[in-house]
Every structure is written in structure tokens, then in C-alpha cells.
Amino acid sequence: MRIVVLVSGTGSNLQAVIDAVADGSLPLEIAAVGADRPDTFGVERSAAAGLETFVVNFKDYAARADWDAALLEAVAAYKPDYVVSSGFMRIVAPSFINAFEGRYVNTHPALLPSFPGAHGVRDAIAYGVKVTGCTVHFADAGVDTGPIIAQTPVTVLPEDTEETLHERIKVAERELLIQVLGDLARA
Ligand code: GAR
């Protein structure tokens, strides 16, 4: 199984995937790692791990449709079985979803359908929920919508900040993402 991973930032979940592939516990090939902006640590750490990387910089495209087409072309060139959005903070076009129908996997730091969007952890704290968590799902053209594959609950502690809670969620998220990718790879 070949995957392309898309990131917008740190890529700590991606690092867990890289490590699991390297130690032989995750039977897949990371064909490439792509980002929507330059200078992400996600791309930097991927290059350091010897992976192919690419950037389709959103800001380089005057028209949204042109960026959509460029992203699709860049990802499709690697002929991935699955595309993984791991902290990729852009909604992709319907053309992208169609091209990778049922093969575009997203991870989100909340128990969807609660708290979709860019601030899932902050929004959960603001609402006052006592349990949140993470979700791995097949993404459709909406914001963190599409069929749920797996979820892990994480308890919100009274003293939690967005940062402390997100760090605990990410621990669960890494494990869940590796488990889901492993299940897909072995299917
Ligand atoms: C992860 O928690 C991921 O679920 C979240 O961004 C973080 C990326 O962390 N994605 C979203 O909020 C998407 N709506 P990382 O770059 O350290 O892996």
C-alpha cells in the first residue's frame, strides 16, 4: 500500500507513521509528503527521513481552482492507494474527493461530528465537554465530515489548556492513525 501524506504544520502524527514504517510495524510505503505552504516542519522532517516531498503553495495561486488542480496533479503523480490528511488544514475540492473516493483519510482532534474545523480542541474546552478525543475518518468535501473509521475518547481534565489537552489527544491520535493505516494495509 502506497500513501501520500498531506501536512500543514508540525507533522508529529506523520512522524509516528514514519517511525512505525521504519521499525517494520506498519506495512506500507510513504510515497511522498506534501504541504500547502513552504517551510513546514512536517516537510522538513520528511526530507530528513529521506522521503520525497512537495509543496503546492496555496499563496502561489491567484485562483482557488488552479491550486485545486495543482494539488490533485501533484498527489495523483505518486499513484497512492490512500491519501492521508495529517494536520492538513485545507478543504480539498470535490474533484480531489472524486479522484480519491473512499481513499482520503483525515485525522481530527475531536469526537466528530462534534467540534469540526481548525479549532477542535479549543472549541471542546470552550463548550465544557468532559470527554473529547480524536477521530480518523474518510473525508468528503465538507469540513471534517465523512464516514468515521475509528475514534478514541480522551478525558478533559479541569486544569487542561488547549495545549495540554491537544498533546494528550495527539498521543491517542497517533496510535489510532497507525492502527487504522495498518488495518487498511492488511485488508
Ligand atoms: C492534529 O491534531 C490533527 O488532528 C489536527 O491538526 C493536528 C496536527 O498535528 N487536524 C485538524 O485539526 C484538522 N481539522 P501534527 O502536525 O503535529 O501532526
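Since this is a predicted model, take the numbers as computed values, not measurements. Only this structure's heavy atoms are used, side chains among them; waters, hydrogens and symmetry mates stay out.
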task: Work out which heavy atom in Gly9 is nearest to a heavy atom in Thr40; give both atom names and the distance.
output: O-CB, 3.7 Å

query: Where the side chain of Arg45 meets the backbone of Leu14, is there a donor-acceptor pair that is under 3.5 Å apart?
result: no

- line: So CG of Leu176 and OG1 of Thr152: to nearest 0.5 Å the spacing works out to 4.0 Å

- request: Kindly compute the distance separating OG1 (Thr135) from CD1 (Ile148), expressed to the nearest 0.5 Å.
  value: 5.5 Å

- prompt: Of all heavy-atom pairs between Leu111 and Gly133, which one has the smallest distance, and what is that distance?
  reply: CG-N, 3.8 Å

query: Do you know which two heavy atoms are closest between Arg37 and Arg90, and how far apart they sit?
result: NH2-NH2, 4.1 Å

message: For Phe138, does the six-membered ring have the charged nitrogen or CZ of Arg103 within the cation-pi criterion, i.e. under 6.0 angstrom from the centroid and within 45° of the normal?
response: no

query: Between Pro80 and Ala76, what is the shortest heavy-atom contact and its length?
result: CD-O, 4.3 Å

- prompt: What are the two closest heavy atoms between Arg168 and Val156, and how far apart are they?
  reply: NH2-CA, 4.3 Å

query: Judged by atom type as modelled, is there a donor-acceptor pair below 3.5 Å linking the side chain of Thr53 to the main-chain atoms of Val33?
result: no

- prompt: With a 4.5 Å heavy-atom cut-off, do Leu177 and Ser86 have their side chains touching?
  reply: yes

task: Taking Ser8 for its side chain and Met89 for its backbone only, find out whether a donor-acceptor pair lies under 3.5 Å.
output: yes

- request: Output yes when a side-chain donor or acceptor of Asp160 lies under 3.5 Å from a complementary backbone atom of Leu157, and no otherwise.
  value: yes

message: For the CE atom of Met1 and the CD atom of Glu29, what is their distance to the nearest 0.5 Å?
response: 11.0 Å

field: Nearest-0.5 Å distance that lies between atom CG in Leu165 and atom OG1 in Thr155
entry: 9.5 Å

message: Grouping I, L, V, M, F, W and Y whenever their side-chain heavy atoms are under 4.5 Å apart, do Trp67 and Val43 come out in a common cluster?
response: no

task: Please identify each residue that fulfils side-chain contact (heavy atoms from CB on, under 4.5 Å) with Glu167, with sequence neighbours left out.
output: Lys170, Arg174

field: N/O donor-acceptor pair under 3.5 Å between Asp123 side chain and Phe115 backbone
entry: no

message: Membership question, hydrophobic clusters at under 4.5 Å side-chain separation (ILVMFWY): are Tyr78 and Ile30 in the same one?
response: no

- line: Correct closest heavy-atom pair for Val154 and Ala172 would be CG2-CB, 4.0 Å

- prompt: Side chains of Phe41 and Val7: closer than 4.5 Å at any heavy-atom pair?
  reply: no

message: Tell me whether Asn98 at atom CG has more than 12 heavy atoms from other residues, nucleotides or ligands lying less than 6.0 Å away.
response: yes

message: For the residue pair Asn57 / Asp36, report whether a side-chain donor-acceptor contact shorter than 3.5 Å exists.
response: no

- prompt: Is there side-chain contact between Ile3 and Val83, with at least one heavy-atom pair below 4.5 Å?
  reply: no

message: Quick check on side-chain contact (heavy atoms from CB on, under 4.5 Å): which of Ile178, Asp183, Leu184 does Val180 satisfy it with?
response: Leu184

- request: Keeping the roles fixed (side chain from Ser85, backbone from Leu6), state whether a donor-acceptor pair exists under 3.5 Å.
  value: no

query: Just wondering, do His108 and Cys134 contact through their side chains at under 4.5 Å, heavy atoms?
result: no

query: Under a 4.5 Å side-chain heavy-atom rule over Ile, Leu, Val, Met, Phe, Trp and Tyr, are Val105 and Val92 clustered together?
result: no

message: When you group the ILVMFWY residues by side-chain heavy-atom contacts below 4.5 Å and let the links chain together, are Tyr82 and Ile149 in the same group?
response: yes

query: Any side-chain heavy atom of Pro116 within less than 4.5 Å of one from Thr145?
result: no

statement: When rounded to the nearest 0.5 Å, the distance separating NE2 of His137 from CD of Gln151 is 9.5 Å

- request: Report yes or no: do Val84 and Val17 belong to one cluster of Ile/Leu/Val/Met/Phe/Trp/Tyr joined by side chain heavy-atom distances under 4.5 Å?
  value: yes

